[in-house]
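Worth knowing before you read on, the calculation uses all heavy atoms, side chains too, and leaves out hydrogens, waters and symmetry mates.
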Amino acid sequence: MEQLMPMQNDLWFLPLGGTGEIGMNLNLYGHDGQWLMVDCGVSFNEPIEAGSERTHELVCADPDFIAQQRSRLAGIVITHAHEDHIGALPFLWRRFQAPVYTTPFTAEILRRKLAQVGLLEDVTIHELPMGSRFSVGPFELQWITLTHSIPEPSGLMIETPAGNVFHTGDWKIDHNPVIGDKFSPAVLSTLRSRDVTAMVCDSTNALKTGHSVSEGDCYEALLEVISQEQGRVVVGCFSSNIARLVSLARIAQATGRYLCLLGRSLQNMVSAAKASGYWPAGLPMVDSAHVGYLPAHEVLAVATGSQGEPRAMLNRMAHGNCFDLTLEKGDLVLFSAMIIPGNEASIERLVASFKAQGIRTLQSHDTELPIHVSGHPYQAELANMYDWVRPQVAIPTHGEAAHMAANARIAKEAHVPRQLTGLNGDLFVLGQEIGVRKKAVTAKRIALARN
């Protein structure tokens, strides 16, 4: 494996995962002989056949480059609790054995994950409130509060004598986010006075024109749909979208239904939200063991498996294998989640299975109502961010080649002097000489488990 060591005048950005693809984020920053890891996530690979059962392979970026020089790894910073940013850490931490820095909600999620693999007592977690300034090795850091589809999304300002980077993480501009503070450009506008060398920026929705839709508008759309239903309603959504779950709990109250969570990941996430103070008081839920006894018009269930995962609750319901809830003809299954690229076929099979039984389905492309909204910025939001921060260099990441190219065009139109695009394993040099060393490190992926 290649050995690279940043010197005192160097500032390097080295993505091992998440640049040239969506998901599996693992980023390294190098300065003065040390490395800083930002995020350590997973991704689901294409479905594979295992006998007669279809499974999904859980994969992450190959960490061998940094694992072989872990004495130079000053620390690991996790920007938020989505699986593509945190999910690989419990599997890989033994190879790093470095302290972890994150915000309180993300720390709560991480502790639960570490407990499952017997590492809770081994990992040092520094829990830092939103907006905190802190030091990790030679790096001076600050959380920059943003809005996204999970509590406590934080960009990261990274300052060194060799240059400064604003690492956005995942974000959008949401002025009505349901939970958490509204988006505020005030702090972002102050970054321009801090001489930002480069902004490493989310590109997920860079191909979409205009402005993303607020989580508050999604609440209104879901309320409109569910209030008209007479039968059972089951919503498939990502368990980490606490705002969406809060919206559904409020909709249950407004429509005379009882909210039920089907799936351990949903129950665990709501438990973490309660422990962290993100679940509003007065939003009750019914135990999953009781939901099957309720009249159809009183049932509002949220289920795992919006991506067609074979062992998740939606798939079990589609095949009559969900012990707690059986759907009948005329009931509605509503998908309040994006389709992750690669999962189209699995979702189509799931929808077809419901329809064959007379169970109706509703996906976001079936209606003009925003029953799902993205947590990532559209083109107008990207242009705003570049105008607020005014970096010298734009480095699009968190996207496939087309997304990153679109992000670079937006940066150029926003008068950012330079745009650097690359792929996992490319070394972005941001110190005295700005440029990209292509394929400086061999970037691969490894399998962690099958789901």
Q.
Within the 4.5 Å heavy-atom criterion, are Leu420 and Asp426 side-chain neighbours or not?
A. no

Q | Derivation and outcome, side chain to side chain contact (heavy atoms under 4.5 Å, CB included), residues Gln379 and Arg409 | A | CA-CA 10 Å; Gln379 291 178 3; Arg409 287 195 298 271; over 6 Å; no

Q: Would you confirm whether Ser132, through its side chain, and Pro129, through its main-chain N or O, come within 3.5 Å as a donor-acceptor pair?
A: yes

Q: For Lys208, enumerate each residue passing the salt bridge (Lys or Arg N to Asp or Glu O under 4.0 Å) test, keeping only those at least two apart in sequence or located in another chain.
A: none

**Q.** Nearest heavy atoms of Met130 and Pro153, plus distance in Å
**A.** CE-O, 3.9 Å

Q) Can Arg349 and Glu344 be counted as an ion pair, charged N to O under 4.0 angstrom? A) no

**Q.** Glu298 vs Arg232, side chain to side chain contact (heavy atoms under 4.5 Å, CB included): CA-CA, chis, key distance, verdict
**A.** CA-CA 7 Å; Glu298 293 183 358; Arg232 300 172 188 84; over 6 Å; no

Q.
Rounded at 0.5 Å granularity, tell me how far NE2 in His319 sits from CD in Gln357.
A. 8.0 Å

Q | ring-ring contact (aromatic ring centres under 6.0 Å, His included): pairs with one or both residues in residues 358-384, sequence neighbours excluded | A | His148-His376, His376-His398

Q: Inspect the contact between Arg112 and Glu108 and indicate whether a charged nitrogen and a carboxylate oxygen are less than 4.0 angstrom apart.
A: yes

Q) Is there a donor-acceptor contact under 3.5 Å linking the side chains of Thr397 and Thr19? A) yes

**Q.** Test log, rule side chain to side chain contact (heavy atoms under 4.5 Å, CB included), inputs Arg360 and Val333
**A.** CA-CA 6 Å; Arg360 295 175 299 122; Val333 175; over 6 Å; no

Q | Atom CG of Asp366 with >12 non-hydrogen neighbours under 6.0 angstrom | A | yes

Q. Would you say Phe166 and Ile158 make side-chain contact, with heavy atoms under 4.5 Å?
A. no

(Q) Quick check against the 3.5 Å criterion: does Glu309 have a side-chain atom that pairs as donor or acceptor with the backbone of Gln307? (A) yes

**Q.** Minimum side-chain heavy-atom gap Leu36-Leu141 below 4.5 Å
**A.** yes

(Q) Just checking Phe183 against Trp388, ring centres under 6.0 Å apart? (A) yes

(Q) Please report the interatomic distance CD1(Ile78) to CD1(Ile109), rounded to the nearest 0.5 Å. (A) 13.0 Å

Q) side-chain hydrogen bond (donor to acceptor under 3.5 Å, both in side chains) between Ser149 and Arg244: does it pass, once the steps are laid out? A) CA-CA 8 Å; Ser149 54; Arg244 196 71 47 84; over 6 Å; no

**Q.** side chain to side chain donor-acceptor pair (under 3.5 Å) partners of His167, counting only residues at least two apart
**A.** Tyr29

Q.
Evaluate Glu127 against Arg111 for salt bridge (Lys or Arg N to Asp or Glu O under 4.0 Å), listing each step before the verdict.
A. CA-CA 11 Å; Glu127 186 176 311; Arg111 282 192 288 265; 3.1 Å; yes

Q: Grab the two heavy atoms, one from Trp171 and one from Cys201, that are nearest each other, plus how far apart they are.
A: NE1-SG, 4.0 Å

Q. Taking all non-hydrogen atoms of both residues, which atom of Ala408 and which atom of Pro396 are closest, and how far apart?
A. N-CG, 3.8 Å

Q. Looking at Asp174 and Thr147, what are the two nearest heavy atoms and their distance?
A. N-OG1, 3.2 Å

Q: State the OG-CG distance between Ser364 and Leu362, to the nearest 0.5 angstrom.
A: 8.5 Å

Q) Does one side chain, of Thr79 or Asp39, offer a donor that lies under 3.5 Å from an acceptor on the other? A) yes

Q: Indicate yes or no: does Glu21 engage Arg445 in a salt bridge with an N to O separation below 4.0 Å.
A: yes

**Q.** Check: Val299 main-chain N/O paired with Arg257 side-chain donor or acceptor under 3.5 Å
**A.** yes

(Q) Checking the side chain of Glu224 only, and the main-chain atoms of Ala221 only, is there a donor and an acceptor separated by less than 3.5 Å? (A) no

Q: Evaluate the side-chain proximity of Phe238 to Ser336: yes if any heavy-atom separation is below 4.5 Å, no if none is.
A: no

Q. Is there a side-chain contact between Val270 and Leu245, using heavy atoms and a 4.5 Å cut-off?
A. yes

**Q.** ring-ring contact (aromatic ring centres under 6.0 Å, His included) against Trp143, all qualifying residues, sequence neighbours excluded
**A.** Phe134

Q) In Å, rounded to the nearest 0.5 Å, how long is the span from CG of Asn25 to SG of Cys60? A) 12.0 Å

Q | side chain to side chain contact (heavy atoms under 4.5 Å, CB included) evaluation trace for Val100 with Leu110 | A | CA-CA 10 Å; Val100 178; Leu110 180 58; 3.8 Å; yes

Q: Answer whether the closest heavy-atom distance between the side chains of Met24 and Asp84 falls below 4.5 Å.
A: no

**Q.** Contact summary for Thr106 and His80, nearest pair of heavy atoms
**A.** OG1-CA, 3.6 Å

(Q) Quick one: does any side-chain atom of Glu381 pair with a main-chain N or O of Ile173 as donor and acceptor, under 3.5 Å? (A) yes

(Q) Would you say that more than 12 heavy atoms from the other residues, nucleotides or ligands in this model lie under 6.0 Å from the NZ of Lys438, or not? (A) yes

Q: Give a yes or no on whether the backbone of Val38 and the side-chain of Asn27 come within a donor-acceptor separation of less than 3.5 Å.
A: yes

What pairs of donor and acceptor atoms, side-chain ones from residues 277-288 against any protein atom, are under 3.5 angstrom apart with sequence neighbours left out?
{"from": "Tyr278", "atom 1": "OH", "to": "Glu152", "atom 2": "OE2", "distance (Å)": "2.8"}
{"from": "Trp279", "atom 1": "NE1", "to": "Leu283", "atom 2": "O", "distance (Å)": "3.2"}
{"from": "Asp287", "atom 1": "OD1", "to": "Ala289", "atom 2": "N", "distance (Å)": "2.8"}
{"from": "Ser288", "atom 1": "OG", "to": "Asp324", "atom 2": "OD2", "distance (Å)": "3.4"}

Q: For the residue pair Lys172 and His211, establish whether any side-chain heavy-atom pair is separated by less than 4.5 Å.
A: no

**Q.** Results of salt bridge (Lys or Arg N to Asp or Glu O under 4.0 Å) for Arg95 - residues two or more places apart only
**A.** Asp64

(Q) Let me confirm one number: the OG1-CZ distance from Thr304 to Arg264, rounded to the nearest 0.5 Å. (A) 9.5 Å

Q. Are any of the side-chain heavy atoms of Leu191 and Met157 separated by less than 4.5 Å?
A. yes

Q. Is there a donor-acceptor contact under 3.5 Å linking the side chains of His82 and Ser240?
A. yes

Q. Are the side chain of Ser212 and the backbone of Pro377 linked by a donor-acceptor contact shorter than 3.5 Å?
A. no

**Q.** Distance (rounded to the nearest 0.5 Å) between Leu427 CG and Phe13 CZ
**A.** 10.0 Å

(Q) Closer than 3.5 angstrom, by distance alone: can the side chain of Ser271 be matched with the main-chain N or O of Gln267 as a donor-acceptor pair? (A) no

Q: Compare every heavy atom of Ala74 with every heavy atom of Pro99, then report the nearest pair and how far apart it is.
A: CG-O, 3.8 Å

